[in-house]
Every structure is written in C-alpha cells, then in structure tokens.
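Let me begin by presenting the structure, written as structure tokens, before commenting on it.
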Amino acid sequence: MTTKKKGSDLLKKEMESLNFGCFLRAARTSMDITQEEMAKKLGVSKSMICDIEKGRQLVSPKMAIKIAKVSQLSEQQALSLCFQDQVNKLKLKMKVQVAA
C-alpha cells in the first residue's frame, strides 16, 4: 500500500470523528506533507497547524475554505466541520449541515 493510499484511508476514517482538526490532519497526511509544509501552503505558522489538529484552536470559515482548496477536498465538508466545532465548543446539542 502506498503512502497516498494510506492517507486516503486515514482521511475516510478520520472524517467519521467529525472535527476540523481531524479533517486537517487527514488532508495533510493524504497530501503526504508535514505540518510545516502545510503551514507554508496556507501562509500560517506550524504551531497554528498543530493547534488546529489538536483541537486547541478553531478555524474561521474563511480558513476552512482555504484549507479545503489547498487540499482539494470538499469545501462543504470543511465548512460543516468548522461550524460543528464552534457549536460543540458552546456545548449545544445540535448537528450542523451545510448545503450548497
């Protein structure tokens, strides 16, 4: 199995946990790049990538879209997870759905 295939499998598995940090980590892994390389692509610090992946920092909708575009993944899924993280932080028992 290639690294790219492992990344794709990881992406599918991680998407089930429904948080943006997992989305970012799986996207980065599927691209086979480091946190530092992803940070450069996004114009942010490596520590910001680490904080997002660990769930210590929420992302804005604008950053969620940027990450989805760089990763060539679903903008709709990225926004949905971005908003769901914000709702979860408020401890609201609601499920977010984003439709085009």
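The basis for the numbers below is simple: all heavy atoms, side chains too, and nothing from hydrogens, waters or symmetry mates.
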(request) Spell out, yes or no, whether Met48 and Leu81 are grouped together once hydrophobic residues are joined by side-chain heavy atoms under 4.5 Å, including indirect joins. (result) yes

(request) To the nearest 0.5 angstrom, please state how far the CZ atom of Phe20 sits from the CD1 atom of Ile52. (result) 6.5 Å

(message) Going by salt bridge (Lys or Arg N to Asp or Glu O under 4.0 Å), name the pairs with one or both residues in residues 42-59, residues two or more places apart or in two chains.
(response) Arg28-Glu53, Asp51-Arg56

(request) Output the distance between atom CE (Met31) and atom NZ (Lys41), rounded to the nearest 0.5 Å. (result) 4.5 Å

(message) Using the side-chain contact (heavy atoms from CB on, under 4.5 Å) criterion, which residues pair with Ser47? Sequence neighbours excluded.
(response) Ser45

(request) Please identify each residue that fulfils side-chain contact (heavy atoms from CB on, under 4.5 Å) with Leu92, with sequence neighbours left out. (result) Val87, Leu90, Met94

(message) For residues 83-100, which residue pairs pass the side-chain hydrogen bond (donor to acceptor under 3.5 Å, both in side chains) check, not counting sequence neighbours?
(response) Gln84-Asn88

Solution key, residues 64-74 side-chain donor-acceptor pairs under 3.5 Å, sequence neighbours excluded:
from: Lys66; atom 1: NZ; to: Leu42; atom 2: O; distance (Å): 2.8
from: Ser71; atom 1: OG; to: Ile67; atom 2: O; distance (Å): 2.8
from: Ser74; atom 1: OG; to: Gln76; atom 2: N; distance (Å): 3.3
from: Ser74; atom 1: OG; to: Gln77; atom 2: N; distance (Å): 2.9

(request) Please answer: with hydrophobic residues joined when any side-chain heavy atoms are less than 4.5 Å apart, are Val59 and Ile33 in the same cluster? (result) yes

(request) Look up atom CG in Leu58 and atom CE in Met63, then write down how far apart they are to the nearest 0.5 Å. (result) 13.0 Å

